[in-house]
Chemist: 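What follows is a single structure, and I will ask about it in a moment.
Throughout, a chain's letter reflects where its sequence line sits, starting with A, and its residues are numbered from 1.
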Number of protein chains: 4
Amino acid sequence: MRLPVGRFAYTHLFFYFYLLTSQSVCDMQNTEREISIKKILDTALVLFADKGFNRTTTDEIARKARVSKGLIYFYFSSKEEILTRLIEHIFDEGGGEMADGAEPLEFIEQLLESFRTALKDMTRWKVATSVLFQNQNREAVRLILKNKYVQYYSILKDQFALLGSSEPEMDAKELLAIMDGVALHSIFAGDVFKPEAVLDFTLKRYRKQFGP
Amino acid sequence: MRLPVGRFAYTHLFFYFYLLTSQSVCDMQNTEREISIKKILDTALVLFADKGFNRTTTDEIARKARVSKGLIYFYFSSKEEILTRLIEHIFDEGGGEMADGAEPLEFIEQLLESFRTALKDMTRWKVATSVLFQNQNREAVRLILKNKYVQYYSILKDQFALLGSSEPEMDAKELLAIMDGVALHSIFAGDVFKPEAVLDFTLKRYRKQFGP
Amino acid sequence: MRLPVGRFAYTHLFFYFYLLTSQSVCDMQNTEREISIKKILDTALVLFADKGFNRTTTDEIARKARVSKGLIYFYFSSKEEILTRLIEHIFDEGGGEMADGAEPLEFIEQLLESFRTALKDMTRWKVATSVLFQNQNREAVRLILKNKYVQYYSILKDQFALLGSSEPEMDAKELLAIMDGVALHSIFAGDVFKPEAVLDFTLKRYRKQFGP
Amino acid sequence: MRLPVGRFAYTHLFFYFYLLTSQSVCDMQNTEREISIKKILDTALVLFADKGFNRTTTDEIARKARVSKGLIYFYFSSKEEILTRLIEHIFDEGGGEMADGAEPLEFIEQLLESFRTALKDMTRWKVATSVLFQNQNREAVRLILKNKYVQYYSILKDQFALLGSSEPEMDAKELLAIMDGVALHSIFAGDVFKPEAVLDFTLKRYRKQFGP
DNA sequence: AATGAATGAGACTTCATTCAT
DNA sequence: GATGAATGAAGTCTCATTCAT
């Protein structure tokens, strides 16, 4: 069985944003068109993360991206659309590699492992939340996040079902909550909280509960 | 045994904010001055929660609070100061009551119960993130949150110890993560996610693990 | 013959302003009414001189004068009226003493002497011009200045007539121009210009022309 | 002998400002950019002169210049910067032509003649004082003015020396004082004072004293 | 005589967006 | 494709003035 796990690791909200900022927004850049779009998106991403959506002006995006303001509106219908496209790109981005045909428990282990790795780069998280929370009341943003959430939740649910969980939905939701809760606390109290410890603790519990 | 539980309910980040918004910002309202300030703060709070700080205009605050725009600047030096004063009030607010001398498991039950109640008012949560992640305030706010976190984490840790947990620190941290993770997801996917279900699920696990 | 010379010394624009700032605006202060008015005028004067009319707010006048903003409008119909009353006070202020029954040449000598004295206090002049020029396009201010100018010009003209000048009007106007021109240049180039020297030079010319 | 008289006419403070306002602020106006900047500066100058800096609104500048309010802020960072740029232009402006190799007396005649012409346009003078006496600019402006003063004073002093004056420094200073004094009085009492008369009177005196 | 809370018109400024070239 | 000058609606904030007490 071949699960679409290659992309799974980026399911949850925060983790997605990590990737957002560590990679280039768009890898295709053959035509001039794509080069320009990429320049705009890359620049906007850094600025949105740094100063927030509202405080970033199209003027600054144009200046830093070394394109004219007019060109931005040639490719994007509005500033809002830059944000939307940015978020869509994030979730379409390829993720890390997951062992093919892994056992469910192994799958979760790998997931938490890569999550812990991501957590170590704290500055990345901050950038992510900055973008995320400053736009939480934008309906467009909320919808994307919600859809992605539902989509990936079902994958995790299946894994717990394969593990033999009696309430795979609940297990899936709880794990997602733990991950994002840990990420959130890392931002505020990372120095005293040691977030990775909780992930291990949770994993240990799964092993005891679902292991051989 | 008398635990300082009266304030416990406000431990975690988001829950704090719930209280902020569910109560009146300022209780003294004898003089005209205080009545006006209260009207402005109360109105601003709801609007910030609803639309975010940036999208709320002073014009709208004035209109909804039924005061003139000038009066806002008579009491607050800027829109930013309204936000600052709001945050200060949050952390000065007193908390609710916890059953005195409750059993540890009962204590956690009550905690999750009041948390679930808070979660129902979704718009309230929004103010928290909106306020928290404004770039410029972040460091100051982060410190306050961190201190609160550490302080209340120790209380929860003690409860798990009383329950007979072999790793009370981990249990405490995990529970806090679950709570804030649930809160976070409620914002984005509350309609499909049913956050309260996860809380029950977790509680059931505690009962099985620590119950009689 | 008794000329109204006691007041003459304050004829020209700048010299008037010197007195304005070196003396209290109003000497009567028996009743509470007069005390309050005096406090307001005195405070406004310093502030207008320091920051200019526009940049001085009624709020600041009230605060520094230790009266309420309402009281200012109880005694003055507008901020503009404070300025007008201030300028009127300046021109009504008593001046220095002039030797009674002095010879015309002696009269001019004394005039220039007291003018030179006033010039020494450079900061005073700056304050004067600050108030004066910042309000030059206010018609009310211009009218007061103009009337005073005409009034005192006629006194000086008479003195030159007594001296035997063939064109006393021209002599009077020229002398007034020299005085204010000297004052003006003192502000900008006082350190290199030595304004008092010009006054002596002019006086020497009068002595040669009109003297015995 | 070739005196650097070409620029002499702008020696004294006020006269400088006349030129400022009688000429276009910026001569280059090829590109659209320069045309717009010129429109804004020219309009602002007239308005500042007429109503003073504070009473001139950006709205009015935009309306009279027939550009949008936004365009003003596209080229100038603030209303204050318009003022600053205006002052800079003043001192960069080239001056009029003086008859080459003129006799000293002729030179002074021409000087006073062009000065009298300048005086006729009263509104022009106002911008000078309005601009000059804004508190915040004073020190910077004062220095520029002082340097110009010293520089051109020396030219006038030489002319009086050539005329055979026994005290050319004093004559030079006195003449400069008369000119600026006359200008000053023109503003306040121009309608009754007839400033040009004094200039003729002074010139007549020079003719009698230094003429053939 | 005195207070100070309250008002509202209008100021400066910002910035997403358009459009002629 | 690309530019950048131009727009104008909307925002924050100021402050002279009023008015109930």
Chemist: Could you tell me how far apart I61(B) (CD1) and dT12(F) (P) are, to the nearest whole angstrom?
Modeler: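 Checked: the CD1 to P distance equals 8 Å.
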Chemist: State which residues pass side chain to side chain donor-acceptor pair (under 3.5 Å) with T57(A); sequence neighbours excluded, sorted by chain then number.
Modeler: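 By the side chain to side chain donor-acceptor pair (under 3.5 Å) rule, T57(A) matches no residue at all.
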Chemist: Is there a side-chain contact between Y73(B) and the phosphate of dC13(F), meaning an N or O under 4.0 Å from OP1 or OP2?
Modeler: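 Checking dC13(F) against Y73(B), a side-chain N or O does come within under 4.0 Å of OP1 or OP2.
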Chemist: Of all nucleotides in DNA chain E that come within under 4.0 Å of a heavy atom of chain B, which is furthest toward the 5' end and which toward the 3' end?
Modeler: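 Result: dA5(E) to dG10(E).
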Chemist: May I ask you to verify if any side-chain N or O of T58(C) is less than 4.0 angstrom from the OP1 or OP2 atom of dA16(F)?
Modeler: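 Result: yes.
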Chemist: For I72(B) and dT14(F), what is the distance between atoms CD1 and P respectively, to the nearest whole Å?
Modeler: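 One finds 13 Å between P of dT14(F) and CD1 of I72(B), rounded.
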Chemist: Measure the CD1-NZ distance between I61(A) and K69(A) for me, rounded to the nearest 0.5 Å.
Modeler: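 Reported value, rounded in 0.5 Å steps: 10.5 Å.
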Chemist: Quick one: pull up OG1 in T58(D) and CZ in F76(D) and give me the separation to the nearest 0.5 Å.
Modeler: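 So the OG1 of T58(D) and the CZ of F76(D) are separated by 13.0 Å.
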Chemist: Find out whether V67(A) and T43(A) are in side-chain contact, i.e. whether some heavy atom of one side chain is under 4.5 Å from a heavy atom of the other.
Modeler: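 No, too far: nothing below the 4.5 Å cut-off.
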Chemist: Could you say whether T57(D) or L71(D) is positioned toward the 5' end of DNA chain E, judged by the nucleotide with the nearest heavy atom to each?
Modeler: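 The residue closer to the strand's 5' end, by nearest nucleotide, is T57(D).
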Chemist: Given that R66(D) and S77(B) both sit by DNA chain F, which one's nearest nucleotide is further toward the 5' end?
Modeler: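 Comparing both residues, the 5'-ward one is R66(D).
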Chemist: To the nearest 0.5 Å, what is the distance between NZ on K79(D) and CZ on F48(D)?
Modeler: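 Spacing of NZ (K79(D)) from CZ (F48(D)) equals 6.0 Å.
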Chemist: Verify side chain to side chain contact (heavy atoms under 4.5 Å, CB included) between R85(C) and I37(C), making sure each step is shown before the conclusion.
Modeler: CA-CA 10 Å; R85(C) 287 257 281 273; I37(C) 291 179; 4.1 Å; yes
Chemist: Given side chains that start at C-beta, do those of I82(A) and Y75(A) come closer than 4.5 Å, heavy atoms only?
Modeler: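 Not in contact.
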Chemist: First locate atom CG of L45(C), then atom OG1 of T56(C), and finally report the distance between them rounded to the nearest 0.5 Å.
Modeler: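 If I round to the nearest 0.5 Å, the distance is 10.5 Å.
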Chemist: Once you round it to whole Å, what is the distance between P of dG11(F) and CZ of R55(B)?
Modeler: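 Distance check: R55(B) CZ to dG11(F) P gives 11 Å.
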Chemist: If you round to the nearest 0.5 Å, how far is CG of L86(C) from CD1 of I40(C)?
Modeler: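 Output value for this atom pair is 11.5 Å.
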Chemist: Measure CG/D59(B) against C1'/dT12(F) and give the value in whole Å, please.
Modeler: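 After rounding, the gap between these two atoms is 10 Å.
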Chemist: Looking at every strand, decide which applies to K69(A) at a 4.0 Å heavy-atom threshold: base, sugar-phosphate, or nothing.
Modeler: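 Base, at least one base heavy atom under 4.0 Å.
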Chemist: State the dot-bracket string of DNA chain F. Criteria: Watson-Crick or G-U wobble, both atom distances under 3.5 angstrom; notation: ( ) intrastrand, [ ] crossing earlier pairs, | interstrand, . unpaired.
Modeler: .||||||||||||||||||||
Chemist: Return the value, rounded to whole Å, for the distance between atom CG of N54(D) and atom P of dC15(F).
Modeler: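 Those two atoms, CG and P, are 11 Å apart.
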Chemist: Heavy atoms only, 4.0 Å cut-off, all strands: where does Y75(A) land among base, sugar-phosphate and nothing?
Modeler: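 If one applies the 4.0 Å heavy-atom cut-off, Y75(A) turns out to touch the sugar-phosphate alone, with no base involved.
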Chemist: DNA chain E: G70(D) or G70(A), which has the more 5' nearest nucleotide?
Modeler: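 First, find each residue's nearest nucleotide; the 5'-ward one identifies G70(D).
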Chemist: Check the distance between dC15(F)'s P and I82(C)'s CD1 and give it to me in whole angstrom.
Modeler: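 Rounded to whole Å, this separation is 15 Å.
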Chemist: For DNA chain F, whose closest nucleotide is more 5', that of F74(A) or that of K79(C)?
Modeler: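 Counting from the 5' end, the first nearest nucleotide belongs to F74(A).
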Chemist: Assess the residue pair E60(D) and K64(D) against the criterion (salt bridge (charged side-chain N to carboxylate O under 4.0 Å, His left out)); give the C-alpha distance rounded to whole Å, side-chain angles, the decisive distance to 0.1 Å, and a yes or no.
Modeler: CA-CA 6 Å; E60(D) 198 172 0; K64(D) 293 236 165 109; 3.3 Å; yes
Chemist: Using a 4.0 Å heavy-atom cut-off, does T56(D) contact any base of the nucleic acid, only the sugar-phosphate backbone, or nothing at all?
Modeler: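 Sugar-phosphate contact only - T56(D) comes under 4.0 Å of backbone atoms but never of a base.
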